[in-house]
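Down below is the structure, laid out as structure tokens.
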2 protein chains.
Amino acid sequence: MISKTLVAASTKPVILSILASGEMYGYQIIQHVTEVSGGTLEWSEGMLYPVLHRMEKEGLIQSQWRISDNGRRRKYYHVTKLGQEELERDQKEWMQVHRILTRLWSPLSLPD
Amino acid sequence: MISKTLVAASTKPVILSILASGEMYGYQIIQHVTEVSGGTLEWSEGMLYPVLHRMEKEGLIQSQWRISDNGRRRKYYHVTKLGQEELERDQKEWMQVHRILTRLWSPLSLPD
DNA sequence: TTTTATACCTAATATCTCTAGGCATATTAC
DNA sequence: GTAATATGCCTAGAGATATTAGGTATAAAA
């Protein structure tokens, strides 16, 4: 089980990363996250949908209703230009913090 | 500037990591964090003290008042056994999420 | 003697997460 | 045929958290 704060910190980057390689709908994102994380991340719908709505409001992603072959209505999301830029910033930030942590964890605190 | 959620996720691991290599008092931790992060992380007192209090309440760290040479009172913190174990869990969790993210960021999604 | 640096603290607002629900329809099992 | 499960979306509100914006006190420096 991953701690609450770490889940919170990784949610947006994970969503943007996934959508960057192709559109997807909410329910599918949840399954995909379970899959690519090997079960480490297990998102609930009640956690994901509000995040998707906020991200759309912020202009990072955009949605589009569509009806699938089997007649189900699905809301497909894709990344916007702004979202792509945000993802790049997120990656940089993550790596910065990662470097700080790994430096603290290595006994000698070597430079990069 | 590091995003709020990422700061939140890294605060506890950073504190535990720093205190794992020797006791330190709050004010000193703030300066030390600025230093080891090369200015990437800039903690405020109002942010740190409540976290230290919570972590002490949770038994991860312990404090001890002492008077320094120049007569100032300082509250020194050190890591407990429990805190040491928590740090190891945090490290594992961080690396798990890190692997998921880097996998998503690499175009081919290679296995570890 | 005034300002800055050191060193601690907390109340309260603002923000956010997450639980616990709800709705609707297609598919599968009995 | 019908009951149960899976799919697919949604939100209100409780609970937890971070952050701002203060406060106190003392030593050193200007």
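Chain letters run A, B, ... following the sequence lines, proteins first and then strands; every chain starts at 1.
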- Task: Nearest whole angstrom, please: distance from the C1' of C/dC16 to the CG of B/Leu6.
- Result: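 Rounded to the whole Å, the gap is 16 Å.
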
- Nearest whole angstrom, please: distance from the C1' of D/dC9 to the CD of A/Glu56.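 To the nearest whole Å, that distance equals 14 Å.
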
- Using the closest heavy atom to pick a nucleotide of DNA chain D for each, name whichever of A/Leu52 or A/Thr5 lands nearer the 5' end.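 In this pair, the answer is A/Leu52.
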
- Message: When you compare the side chain of A/Glu86 with that of A/Met55, does any pair of heavy atoms fall below 4.5 Å?
- Response: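 No, too far: nothing below the 4.5 Å cut-off.
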
- Message: Measuring only between side-chain heavy atoms, which start at C-beta, is A/Ile100 closer than 4.5 Å to B/Val33?
- Response: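 When only atoms from C-beta onward are counted, B/Val33 and A/Ile100 do not touch, as no gap falls below 4.5 Å.
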
Taking the side chain of [X] as its heavy atoms from C-beta onward, which of [options] lies nearest to it?
X: A/Trp65; options: D/dT19, C/dT6, D/dC10; result: D/dC10
X: A/Arg54; options: C/dT17, D/dT7, D/dC10; result: C/dT17
X: A/Tyr49; options: D/dC9, C/dC9, C/dC18; result: D/dC9

side-chain N/O [X] vs [N] OP1/OP2, d < 4.0 Å:
X: A/His53; N: D/dC9; answer: no
X: A/Lys4; N: C/dC16; answer: no
X: B/Arg74; N: C/dA7; answer: yes

- Query: Should the pair A/His98 and B/Trp94 be assigned to parallel (<30°), tilted (30 to 60°) or perpendicular (>60°) ring geometry?
  - Reply: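 Rings of A/His98 and B/Trp94: parallel, as their planes differ by under 30°.
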
- Check salt bridge (Lys or Arg N to Asp or Glu O under 4.0 Å) between B/Glu23 and all other residues, then give those that pass, not counting sequence neighbours.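 Expected list: B/Arg66.
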
- Query: Under the 6.0 Å and 45° cation-pi test, does B/Arg73 pair with B/Trp65?
  - Reply: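 Positive - B/Arg73 is close enough to the ring of B/Trp65 and near enough to its axis.
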
- Item | Atom pair CG/OH of B/Leu48 and B/Tyr27 - distance to nearest 0.5 Å |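 It is 12.0 Å, given to the nearest 0.5 Å.
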
- Task: Using heavy atoms and a sub-4.0 Å distance, could you list which residues of residues 14-30 of chain B are near DNA chain C? By number, please.
- Result: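 Output list: B/Tyr25, B/Gly26, B/Tyr27.
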
- Query: Is there a donor-acceptor contact under 3.5 Å linking the side chains of A/Ser63 and A/Glu56?
  - Reply: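 Yes, side-chain donor-acceptor contact under 3.5 Å.
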
- Any side-chain donor near an acceptor of the partner, A/Gln84 and A/Glu88, under 3.5 Å: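 Yes - a donor-acceptor pair under 3.5 Å links their side chains.
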
- Task: Give B/Trp43 one of three labels, base, sugar-phosphate or nothing, depending on what nucleic acid heavy atoms sit under 4.0 Å from its own.
- Result: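 It contacts nothing in the nucleic acid.
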
- Item | Contact letters for nucleotides 25-30 of chain D, in which S counts primed atoms plus P, OP1 and OP2 and B counts the base, heavy atoms under 4.0 Å | -BBS--

- Message: Any carboxylate oxygen within less than 4.0 angstrom of a Lys/Arg side-chain nitrogen, looking at A/Glu85 and A/Lys81?
- Response: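 A salt bridge links A/Glu85 with A/Lys81.
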
- For A/Val7 and for B/Arg73, locate the closest nucleotide of DNA chain C by heavy-atom distance; then report the residue assigned to the nucleotide nearer the 5' terminus.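 It is B/Arg73, whose closest nucleotide lies nearer the 5' terminus.
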
